[in-house]
Amino acid sequence: GNGETTAEEKKELTIGATSGPYSDMVTKGIKPVLEKKGYTVEVVEFSDYIQPNLALASGDLDANLFQHKVYMESFAEEHDLELSEVIVVPTAPMGIYSNRFDSLDAIEEGSQIAVPNDPTNLARALLILESEGLITLASSFDPLTASERDVEENVKNLEFKPIEAGQLPRAVEGTDLAAVPGNYALAAKMNLLDALVLETMPDKYRNRVVVNTRDLDKPFVQDIKEAVESEEFEAVIDEEFKGFGKPEWMLERNKE
Amino acid sequence: MLLDRLAELVPELNQAFLETMYMVSISLAVAIMGGLPLGILLFVTDRGLFLENPVVKSAAGFVVNMVRSVPFIILLVALLPFTRWLTGTTIGPTAASVSLSIAAIPFFARIVESSLREIDRGVIEAAISVGASPWMIIKDVLLPDARPGIIHGITITTISLVGYSAMAGIVGGGGIGDLAIRFGYYRYDNTIMITTVVILICLVQLIQFLGDRIARLTDKR
Amino acid sequence: MLLDRLAELVPELNQAFLETMYMVSISLAVAIMGGLPLGILLFVTDRGLFLENPVVKSAAGFVVNMVRSVPFIILLVALLPFTRWLTGTTIGPTAASVSLSIAAIPFFARIVESSLREIDRGVIEAAISVGASPWMIIKDVLLPDARPGIIHGITITTISLVGYSAMAGIVGGGGIGDLAIRFGYYRYDNTIMITTVVILICLVQLIQFLGDRIARLTDKR
Amino acid sequence: MIEIQNLVKIYESGKQKVKGVQDVSLTINDGEIFGIVGYSGAGKSTLLRCINMLEWPTSGNVKIDGVDLTSLSRQELRRARQKIGMIFQHFHLVRSKTVFDNVAFALKAAGKSKQEIRNKVDDLLEMVGLQDKRDAYPSQLSGGQKQRVGIARALANDPNVLLCDEATSALDPGTTRQILLLLKKINQELGITIVLITHEMGVVKEICDRIAVMQDGKIIECGEVYELFARPEEPLTRSFIDSVLQLELPEHLVKNRRGTLVRLQYRGEAASDTVISDMLQSFRVKGNIIHGKIEYIQNKPLGILVLELIGDESEVKRAIDFMHERTGGLEVIEHAA
Amino acid sequence: MIEIQNLVKIYESGKQKVKGVQDVSLTINDGEIFGIVGYSGAGKSTLLRCINMLEWPTSGNVKIDGVDLTSLSRQELRRARQKIGMIFQHFHLVRSKTVFDNVAFALKAAGKSKQEIRNKVDDLLEMVGLQDKRDAYPSQLSGGQKQRVGIARALANDPNVLLCDEATSALDPGTTRQILLLLKKINQELGITIVLITHEMGVVKEICDRIAVMQDGKIIECGEVYELFARPEEPLTRSFIDSVLQLELPEHLVKNRRGTLVRLQYRGEAASDTVISDMLQSFRVKGNIIHGKIEYIQNKPLGILVLELIGDESEVKRAIDFMHERTGGLEVIEHAA
Ligand SMILES: Nc1ncnc2c1ncn2[C@@H]1O[C@H](COP(=O)(O)OP(=O)(O)OP(=O)(O)O)[C@@H](O)[C@H]1O
Ligand SMILES: Nc1ncnc2c1ncn2[C@@H]1O[C@H](COP(=O)(O)OP(=O)(O)OP(=O)(O)O)[C@@H](O)[C@H]1O
Ligand SMILES: [Mg+2]
Ligand SMILES: [Mg+2]
């Protein structure tokens with residue numbers, strides 16, 4: 001990204017996203033619209049949740065798409081960055097899956113649960129478990145640094161096994177329970193409805209396009225926002241990202 | 001305060017340390033048991049050697065290179081069914097050891113091959129001239145004479161395994177490296193990060209020291 | 001259908017292949033330029049050698065081991081400021097090459113050291129006896145005589161780099177291995193996974209073949 | 001019996017072809033000590049290494065006791081090699097094994113028991129005088145000590161054939177003599193056939209029955225040692241023999257001579273004749289033996305004496321004629337001034 | 001001048017201490033050819049290696065032209081070594097360099113220009129007869145060819161001192177003679193001091209001025225070659241000299257003798273005396289020269305003749321007495337049966 005060129009002239013965008021549906025979403029949904037607007041867009045894929053923000057802050061990226069609001073805010077605070085969201089995009093809900101148990105009630109004492117090892121996804125997993133009453137979380141819980149240590153009360157004494165998020169669909173078979181992020185579940189052709197429980201996702205846990213706050217008023221940010229709001233984008237979502245939970249703005253628009 | 005923090009970490013570090021030792025020892029053992037014969041095979045079937053056999057040589061070379069070409073994470077996925085069959089699980093340190101071992105075998109085999117190449121051909125000839133069987137030449141000439149080189153190779157492999165074992169985190173293998181990544185990297189806990197890195201440095205220095213020591217003791221040149 | 005799919009992939013594979021070549025060449029070049037002198041230093045300052053110097057030896061050994069102890073991902077993060085200063089960016093193949101290079105230097109240094117150890121001490125003595133300077137001994141005796149071993153070491157390092165370059169994905173580095181991980185691992189796309197793995201296998205076989213070939217040509221034993 | 005037929009060994013290095021051995025045919029009898037001499041690079045080592053197939057011949061073949069070694073299976077060849085001991089020019093010891101283990105290796109290769117090995121190795125080490133270096137590593141040995149370990153290893157399996165590539169060239173004269181006596185002893189007592197390459201004509205003279213002289217990969221002369229020493233045909237052979245039998249007359253002797261110098265050849269039984277004595281007692285000349293060298297090769301004398309005959313010129317001439325008649329080999333070097 | 005003072009070199013391997021050289025003091029004069037002989041393992045190589053500090057002495061020191069080598073800086077030691085050529089027992093050639101480059105290396109070490117190097121190396125290779133192997137690698141050379149490369153390398157920088165560790169033991173007699181002539185030539189023409197270890201007493205006899213005999217790390221005898229050959233004091237020295245001057249009387253000669261066997265020693269000028277001639281002409285005995293060996297060492301004869309005296313018992317006795325009087329060294333081996 002050429003952060004130094006003046007806003008008016010900026011027609012070359014570098015957008016970062018994590019490997020999988022979110023980079024596909026950029027490539028297939030956002031990039032074509034932006035290109036029509038005369039931009040050239042380069043999509044950079046990351047297999048990690050730290051680098052996309054650092055790269056954004058350093059100006060190597062103009063925007064990224066991989067994180068939810070809570071993570072963004074904590075990250076910005078921790079690293080003393082000025083990050084701002086542009087628009088929320090459809091996000092696949094995380095689910096707790098199991099080949100052993102049919103329902104949450106059936107979970108046995110001391111079962112093993114595979115959870116993501118990165119804090120973003122782990123936080124979501126913990127929140128599901130908390131909302132289902134399986135655990136309670138410490139007051140110090142912070143999505144940025146969430147870890148299995150934040151569990152205060154563990155009703156069924158679940159044994160947490162943090163593993164790489166992309167590996168979780170493959171872990172369903174080998175462990176008692178697995179908290180699988182929706183994007184990977186879909187990639188692995190799992191049926192989201194097989195989940196014992198799916199994330200009820202408030203918008204603050206949906207992923208969004210994020211830019212540096214200093215860029216917020218620049219035309220390209222507006223253009224990205226417009227691209228996401230375009231009909232074409234939603235058509236791509238309906239076509240290729242089945243099962244992704246749409247954000248409120250999209251649902252509301254459709255209601256009209 | 002920092003000390004308090006550290007004291008609090010001790011059990012966790014302890015466990016991670018044991019996990020690392022566990023994974024590295026298993027994979028090292030397998031790497032040696034698998035890589036040593038494989039490396040010897042690569043050497044003795046080579047042109048001009050006493051078990052020259054281009055077909056076996058190429059086949060072994062191909063298999064070794066194949067395993068070495070596949071990125072570790074893909075290897076890990078490809079091995080999942082095998083891992084499950086072997087260990088009954090696909091996560092945890094034992095499961096991680098399977099892919100670490102499989103990745104280390106061909107690496108170590110190449111290092112062994114490379115050490116064997118340095119042996120003076122004349123000594124092998126002398127062994128041939130007394131009518132020794134290939135097995136005896138391997139056991140009593142090649143291995144003893146390449147020992148310092150092989151021990152250096154073991155040191156290099158062990159240290160590489162310590163590094164690679166950090167990737168065990170992908171399947172929840174745990175270990176010091178994974179701790180460093182999970183807490184130090186993802187969760188910005190500098191205490192853990194620095195502590196684990198210091199532990200890793202000490203561990204690696206120790207391995208190097210022992211390796212050098214043993215190599216020197218066995219070096220009769 | 002499969003063919004269609006593959007045809008569609010060609011440009012992407014092509015680019016990934018170029019990225020891999022780019023990262024591997026840069027890091028290999030740096031590894032050689034940095035690792036060769038470092039490996040030589042480790043050897044010549046060792047006990048009984050012509051530049052024996054326990055202090056330098058320990059210091060160099062410590063630095064090498066330190067870099068080797070740190071998990072790759074942590075090394076990568078630790079190097080970000082340096083990467084930024086050096087290349088002006090922290091993402092992409094160029095940035096990935098920086099950490100790959102830094103990781104490869106001590107690895108290669110150890111391999112060089114190990115090859116040098118196999119040189120007959122008598123030859124070094126002969127060079128000392130004609131009054132050659134340390135530099136001449138290194139250039140005209142150590143390096144030529146260890147050449148086949150060093151070339152094997154380069155082969156091993158290159159292949160390891162091909163494997164490691166897959167991790168470049170962490171900083172959006174790209175390359176064949178990253179493609180395999182992104183599609184094969186994260187997206188369960190077996191076509192790409194198998195294609196990329198086949199490409200990697202071919203690439204590694206080629207590297208091995210060339211390495212063996214050159215080693216054989218330079219081996220005057 | 002070792003039969004070498006039309007043996008050719010060509011080394012190919014790149015495009016270049018180096019002829020190691022060119023069409024050598026040779027028969028070495030059982031129980032014989034056969035020497036091979038020749039200039040450095042003549043192909044001696046190559047020939048020797050073809051005998052136990054360490055070097056696979058380019059063409060031709062080698063039969064030992066009628067068995068063509070090129071036709072054997074790997075297993076058979078191994079067994080055959082256990083009965084062909086070889087001593088290498090450059091020792092080739094396993095660096096990481098002690099002296100004991102280096103020798104024991106050969107016995108292990110032949111499948112001997114631990115106890116047998118222990119006894120045999122100790123005997124062998126005593127024989128070559130290295131008991132006190134039993135647990136030393138090759139790097140701690142001097143050149144000659146290494147060579148002796150190689151000798152012990154080659155003899156370990158009581159071979160029928162012993163191939164020695166400059167087995168004594170790293171040894172001091174004392175040890176050389178011991179080793180030669182040892183070789184002679186095993187040759188005589190056990191009937192072992194020995195093929196040895198050497199640069200020391202003294203060694204050839206001392207223990208060989210026959211020798212072959214090699215040049216440029218070919219055998220240019222071959223025969224009984226005495227015959228070759230007494231009547232060398234090729235200039236190369238003659239130059240080698242000179243190193244043992246050569247008489248260089250110091251210049252000052254020739255210059256300061258008072259009489260006529262004659263060179264008297266001893267060959268065969270003639271040496272034990274009383275020709276000089278008879279001559280001196282028949283003519284009025286004084287005979288001064290100023291130089292001489294007589295070697296007993298295979299118990300037959302071979303040698304040269306240089307006499308200075310002082311006396312009346314005609315008397316000296318008659319004395320010379322007399323000696324000429326009695327022996328064939330008389331040569332007048334310098335007449336009286 | 002090389003002054004070695006109280007040199008001690010002890011090898012420590014683990015707990016064991018092996019004494020390589022024990023308290024050797026020695027002065028080698030400028031322009032001298034100094035030989036070192038001794039049993040294998042006596043410490044010859046160790047002593048030689050201490051002279052150019054390849055082996056750092058445990059105690060004692062070595063001065064060359066008054067400069068104590070142990071006191072030099074690295075840089076100075078390097079420069080000093082360029083003027084001390086060394087020929088190794090095991091060649092120690094760089095395997096990956098051609099013959100040319102192996103020799104050129106020494107010249108490069110001394111900072112010679114490309115052109116100078118090319119000319120000099122070609123000269124040296126011609127001198128040792130290896131022009132045609134110029135571009136061969138050590139592995140393609142025979143043992144003797146390798147040795148000659150080592151010799152060329154050692155001579156490359158026109159050293160003042162040349163250290164030779166069995167420089168000719170891998171060479172055939174013809175090449176050995178050439179190399180010895182070469183060494184003698186450079187010694188005489190350029191005044192190079194040569195210290196050489198050898199196992200061949202023939203070599204000692206031919207070119208050395210003085211020799212030292214080593215045993216168990218010590219010098220047990222040291223002196224002019226002729227003196228040592230003529231009057232060896234130590235049994236070891238005698239046994240070495242025997243390898244050149246030894247006369248083994250074949251058994252059958254002794255058994256079948258018809259008369260009395262006497263051994264006549266030639267030492268110094270006595271050899272050119274006419275004692276045999278006078279004896280034969282004064283007494284009625286027949287004298288049959290059945291064995292003999294005379295060597296000219298440093299132009300002085302040294303040797304032995306074995307005579308069979310046939311005749312009347314009392315006449316033989318008188319003849320023997322006569323010879324006894326004329327020469328010191330007469331020994332009756334076997335009286336007539
Ligand atoms: N591996 C090889 N490759 C190429 N040429 C070789 C090889 N080995 C030997 N030769 C050449 O073959 C010829 C004969 O070598 P060989 O070793 O038989 O000589 P040799 O008679 O034993 O000499 P020496 O007395 O010096 O040991 C030499 O010219 C040598 O250069
Ligand atoms: N590196 C070493 N470590 C231990 N002992 C050694 C070492 N080098 C030599 N020795 C011992 O020192 C003694 C003297 O060895 P040196 O090589 O000087 O003998 P040498 O007189 O040259 O014998 P040769 O004629 O056989 O070459 C020997 O007993 C040998 O075993
Ligand atoms: Mg030879
Ligand atoms: Mg020696």
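We name chains A, B, ... by the order of the sequence lines, and we start the count at 1 in each one.
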Original post:
Taking everything shown except C:Glu52 itself, do over 12 heavy atoms lie less than 6.0 Å from its CD?
Top reply: yes

Original post:
Counting heavy atoms not belonging to E:Lys112, are there more than 12 under 6.0 Å from its NZ?
Top reply: yes

**OP:** Tell me, out of C:Pro148, C:Ala146, C:Pro134, who's got the most heavy-atom pairs with chain E below 4.5 Å.
**Re:** C:Pro134

Subject >> Region of C:Asp140 that comes under 4.5 Å of a non-hydrogen atom in chain E >> reply: both

**OP:** For E:Tyr11, look at atom OH and say whether over 12 heavy atoms of other residues, nucleotides or ligands are found less than 6.0 Å away.
**Re:** yes

Original post:
Taking all non-hydrogen atoms of both residues, which atom of C:Val130 and which atom of E:Asn157 are closest, and how far apart?
Top reply: O-ND2, 4.3 Å

Original post:
Counting N and O atoms only, with roles assigned by atom type, does the side chain of C:Asp145 sit under 3.5 Å from a partner on the main chain of E:Arg95, one being a donor and the other an acceptor?
Top reply: yes

Original post:
What are the two closest heavy atoms between C:Ala132 and E:Arg78, and how far apart are they?
Top reply: O-CD, 3.0 Å

Subject >> Contact origin within E:Phe88 toward chain C - heavy atom pairs under 4.5 Å >> reply: side chain

**OP:** Verify the neighbour count for atom CZ of C:Arg213: are there more than 12 heavy atoms of other residues, nucleotides or ligands below 6.0 Å?
**Re:** no

Subject >> Between E:Gly85, E:Ser139, E:Ser96, E:Pro159, the one whose heavy-atom pairs under 4.5 Å with chain C are most numerous >> reply: E:Ser96

Subject >> Gap separating the CG atom of E:Asn52 from the CD atom of C:Glu125, nearest 0.5 angstrom >> reply: 9.0 Å

Original post:
Among E:Ala106, E:Pro138, E:Gly111, E:Ala154, who wins on heavy-atom pairs under 4.5 Å with chain C?
Top reply: E:Ala106

**OP:** Enter the distance from C:Ser129:OG to E:Gln82:CD here, rounded to the nearest 0.5 Å.
**Re:** 10.5 Å

**OP:** Measure distances from C:Leu51 to the heavy atoms of chain E and classify the residue's part below 4.5 Å as side chain, backbone, both or neither.
**Re:** both

Original post:
Based on non-hydrogen pairs under 4.5 Å, which of E:Met86, E:Lys97, E:Lys83 is most in contact with chain C?
Top reply: E:Lys97

**OP:** Working to the nearest 0.5 Å, report the span between CG of E:Leu93 and CG of C:Asp120.
**Re:** 10.5 Å

Original post:
Is it true that atom CH2 of C:Trp85 has more than 12 heavy atoms of other residues, nucleotides or ligands lying nearer than 6.0 Å?
Top reply: no

Original post:
Closest heavy-atom contact between E:Arg153 and C:Ala126?
Top reply: NH2-CB, 3.5 Å

Original post:
Between E:Gln75, E:His90, E:Arg49, which shows the greatest number of heavy-atom pairs under 4.5 Å with chain C?
Top reply: E:Arg49

Original post:
Looking at OG of C:Ser133 and CZ of E:Arg79, how far apart are the two atoms once the value is rounded to the nearest 0.5 Å?
Top reply: 11.0 Å

